[in-house]
Amino acid sequence: PFRGELTMIQRTYQRLRKALPADHIILSTTSENYKEIQRQLPMIAPEQLCIEQGRKGTGVGIALGLLLVRRRDPTAVVVSINCDAYVGNEQRYRTAIERAAAAARLHHDRIVLGGVRPTYPDTGLGYIMVGERAITAPIGAGRLYPVLRFVEKPKRAKAVALLATHRAYWNPTLIVATVSTLWKAYQNHCSRQASILEKITPISGATPSSAQQKKLFSLLRPISVEYDILEKEKDLLMIDGGDMGWADIGQWRTVLEILSHQTHSDMVSIGSHVDYRSKNSMVYNTTHGLVTTVKLSNIILIVTDDVIL
């Protein structure tokens, strides 16, 4: 768990469940993680779990869920999100998703992305660059912009310059589109992989994989939805997600910043811990023992029963 008792995937499910019926949530995972997902989210029906054989990248995982939705409702609007993010304002997050879905219905032949307003020049995230003028959006849908290009993990000077344009947004890989439009992008940019995926009956907990499906998976090369699909797609749109308190939990700086904000202190302490005059540090004690620290600076200390990091 990142904070509290729930893991990030449990929090993601809880966040979505406040806006969607349970049977509208489909989770795509790997065969290695399937049992753990079942343990953490026992409320998800087996037929709502898409199981990827091996690690074939974000593009394949999303495609499996997309094909499963297409079997149920080929006219549906789908929303693809990652489960490894922190969201500070869940109401604004859900509102951004609803607005993106409304835009995808209006512009049914285009993919809509969600963008997050950057609060500082992060060098560990990807950015979406948009045009200056907003385009027609559904009433109440907020600002909708044409996507110009993507910038992936820029150097600090470049990140500062991007923010100065006021047209750069963090990219949370929040993808919204009609089923047909998103699948058409797969066919256009990964035609061979799409033809193989078409032959794979989506594998779920209710339908174990067959020898034929395993063989088809072995023929697939990994697909990155960002590099292989989105960066090659023309006429993408982006909805301004506003200030939703989104953060990608992929670097220690982000973890420390989020927890510092929650505790209103630059000395973050989780678990049994006593400190004297430390700053800009984090102590995470998972044991029942007491950890004491004195005058730490720019240090992250993780204590478990097995090891001290």
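Basis for what follows: all heavy atoms, side chains included, without hydrogens, waters or symmetry-related copies.
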Same cluster (ILVMFWY, side-chain, under 4.5 Å), [X] and [Y]:
X      : Y      : answer
Leu16  : Met43  : yes
Leu237 : Leu148 : no
Val268 : Tyr284 : yes
Val294 : Val291 : no
Tyr186 : Tyr227 : no

Checklist entry - So Glu36 and Arg39, side-chain contact (heavy atoms from CB on, under 4.5 Å) or not? Walk me through it. => result CA-CA 5 Å; Glu36 180 62 21; Arg39 187 186 70 81; 2.6 Å; yes

Checklist entry - Yes or no on side-chain contact (heavy atoms from CB on, under 4.5 Å) for Arg221 and Cys190, after CA distance, side-chain angles and deciding distance? => result CA-CA 10 Å; Arg221 68 166 176 82; Cys190 297; 4.0 Å; yes

Checklist entry - Does the cation-pi check pass for Arg167 over Tyr145, that is, NZ or CZ under 6.0 Å from the six-membered ring centre and within 45° of its axis? => result no

Item to check | side-chain hydrogen bond (donor to acceptor under 3.5 Å, both in side chains) partners of Thr75, counting only residues at least two apart | outcome: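 side-chain hydrogen bond (donor to acceptor under 3.5 Å, both in side chains) list for Thr75, sorted by chain: Asp73.
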
I'd like to know if the side chain of [X] reaches the main chain of [Y], judged simply by a donor and an acceptor atom lying under 3.5 Å from each other, with no hydrogens or angles considered.
X      : Y      : result
Lys199 : Leu216 : no
Ser31  : Gln53  : no
Ser281 : Ile300 : no
Arg143 : Asp240 : no
Tyr127 : Leu163 : no
Glu231 : Phe150 : no
Thr30  : Arg55  : no
Arg92  : Asp243 : yes
Thr286 : Val303 : yes
Ser28  : Gly65  : no

Item to check | Derivation of the side-chain contact (heavy atoms from CB on, under 4.5 Å) call for Arg110 and Thr181 | outcome: CA-CA 7 Å; Arg110 301 171 77 174; Thr181 295; 5.6 Å; no

Roughly how far apart are [X] [atom1] and [Y] [atom2], rounded to 0.5 Å?
X      : Y      : atom1 : atom2 : value
His189 : Lys234 : NE2   : NZ    : 8.5 Å
Asn171 : Thr173 : CG    : OG1   : 4.5 Å
Asn285 : Thr292 : CG    : OG1   : 10.5 Å
Thr178 : His108 : OG1   : NE2   : 8.0 Å
Leu174 : Ile128 : CG    : CD1   : 9.0 Å
Met8   : Tyr86  : CE    : OH    : 10.5 Å

Side-chain contact, heavy-atom cut-off 4.5 Å: [X] with [Y]?
X      : Y      : value
Val283 : Met267 : yes
Lys155 : Thr123 : no
Arg71  : Leu67  : no
Gln187 : Ser191 : no
Gln193 : Ile196 : yes
Leu144 : Val112 : yes
Ile302 : Met282 : yes
Ser269 : Asp275 : no

Of the non-hydrogen atoms in [X] and [Y], which two are nearest, and what is the gap between them?
X      : Y      : result
Ala85  : Trp246 : CB-NE1, 3.3 Å
Ala63  : Leu197 : CB-CD1, 3.7 Å
Ile111 : Glu233 : CD1-CG, 4.2 Å
Gln48  : Ile44  : CB-CG2, 3.8 Å
Pro146 : Ile135 : CD-CG2, 3.9 Å
Cys50  : Leu64  : SG-O, 3.7 Å

Checklist entry - Parallel, tilted or perpendicular for Tyr120 and Trp170, by the 30°/60° rule? => result perpendicular

Show me the donor-acceptor pairs within less than 3.5 Å that the side chains of residues 20-27 make with the rest of the protein, sequence neighbours left out.
none

Checklist entry - Within a radius of less than 6.0 Å around CD1 of Ile308, do more than 12 heavy atoms belonging to other residues, nucleotides or ligands occur? => result no

Next on the checklist: Would Lys158 and Leu162 count as a side-chain contact (heavy atoms from CB on, under 4.5 Å) here? Give the steps.
Outcome noted: CA-CA 6 Å; Lys158 178 67 172 179; Leu162 290 175; 4.2 Å; yes

Checklist entry - What's the verdict on salt bridge (charged side-chain N to carboxylate O under 4.0 Å, His left out) for Glu90 and Arg11, showing C-alpha distance, side-chain angles and the deciding distance? => result CA-CA 10 Å; Glu90 296 190 357; Arg11 286 190 180 279; 5.5 Å; no

Checklist entry - Got a sec, which pairs hit salt bridge (charged side-chain N to carboxylate O under 4.0 Å, His left out) with one end in residues 289-309, sequence neighbours left out? => result none

